[in-house]
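Scroll down for the structure; my scribbles are underneath it.
For ligands, and for the atoms within them, numbers begin at 1 and follow the listed sequence.
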Amino acid sequence: MIYFLSDAHLGSLAIERGWAHQKKLIDMLEMMSEDAVSIYMLGDMFDFWMEYFVHDKAKRQYSPFFKELRKLHKKGIHVHYLTGNHDLWTFGGLEQIAKVEVQYEPCTIVRYGKTLFLAHGDGLLPENWEELYPPKVRSKIRSFMRLRKIFRNPFLQFLYRCLPPEVGNKFGYNWAKKSRLKEIENPCPYKGEDKEELVLYAKEQEKLHNHRDYYIFGHRHIDLDLQIKKDSRMVILGDCFQQWTYAKLDKHGNLTVHTFEGKEEESDHAQ
Ligand SMILES: [Mn+2]
């Protein structure tokens, strides 16, 4: 079994009961570990992840999560970590501490006879996006892409890593909190097959003869399972803090989407 999950946004200042959140994520991984060969995390597992040049005490809050990931590694389960737009600032530290394999770019893999395209999903647009959207949306996309470029600039990354972690974290976690709150107050639902960027992107890939059986994305925090062509499907994974959705690929090459309800003891507690 191969599992896919994304967008836990651990450490978010906008998510109450951070400890219970992390615990549920660990329970979810435990459940997966029963029959997983590999697990793909498709980005934004942390609300803000930055590796400074000096020790960052704030990372301690994730110790249980790291411990679980090391346990999976020890069991022989490969955990792949694709970076998102909240956690791209990893420079070898996460790999070392959590024993995961970090990938910075979308990738295509072949498993159980199926071709899968995996990506967090930020910054993926169809070629002709400028003709597709009205000016307001266009300028929103443009400023997101500008910010994305700044975030990925090696020199600016170097400068940020020089900051004392308390200073960098204060800014980073609050920036992330703002985007989380904005999402809660003003959620951006599925835009429809003719508007949703990732749907258009996947469809375009198919037209360009980059055929894949499955496309799996995170980032949007919507739970979408869509047949884009007779032999091609796409899934957007939802999240791991409100929806708790994940996907799995079985050994016959079937991809299915599920919701993790939590461990039973937990729901007994939660009344
Ligand atoms: Mn994201």
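- Open room surrounds CZ on Phe158; 12 or fewer heavy atoms of other groups in view lie less than 6.0 Å from it.
- When the side-chain hydrogen bond (donor to acceptor under 3.5 Å, both in side chains) test is applied to Arg142, the partners found at least two apart in sequence or on another chain are Glu130.
- Among pairs with a residue in residues 214-227, those fulfilling salt bridge (Lys or Arg N to Asp or Glu O under 4.0 Å) read Glu196-Arg220, Asp225-Arg233, at least two apart in sequence or across chains.
- Other cluster members for Val110: none, since no ILVMFWY side-chain heavy atom sits under 4.5 Å from it.
- Taking the six-membered ring for Trp and the full ring otherwise, Phe91 and Phe53 have centroids separated by 6.0 Å or more.
- Any protein N/O/S atom under 2.8 Å from the Mn ion (ligand 1) was counted, giving 4 altogether.
- Remark: Glu51 does not engage Lys59 in a salt bridge, criterion side-chain N to carboxylate O under 4.0 Å.
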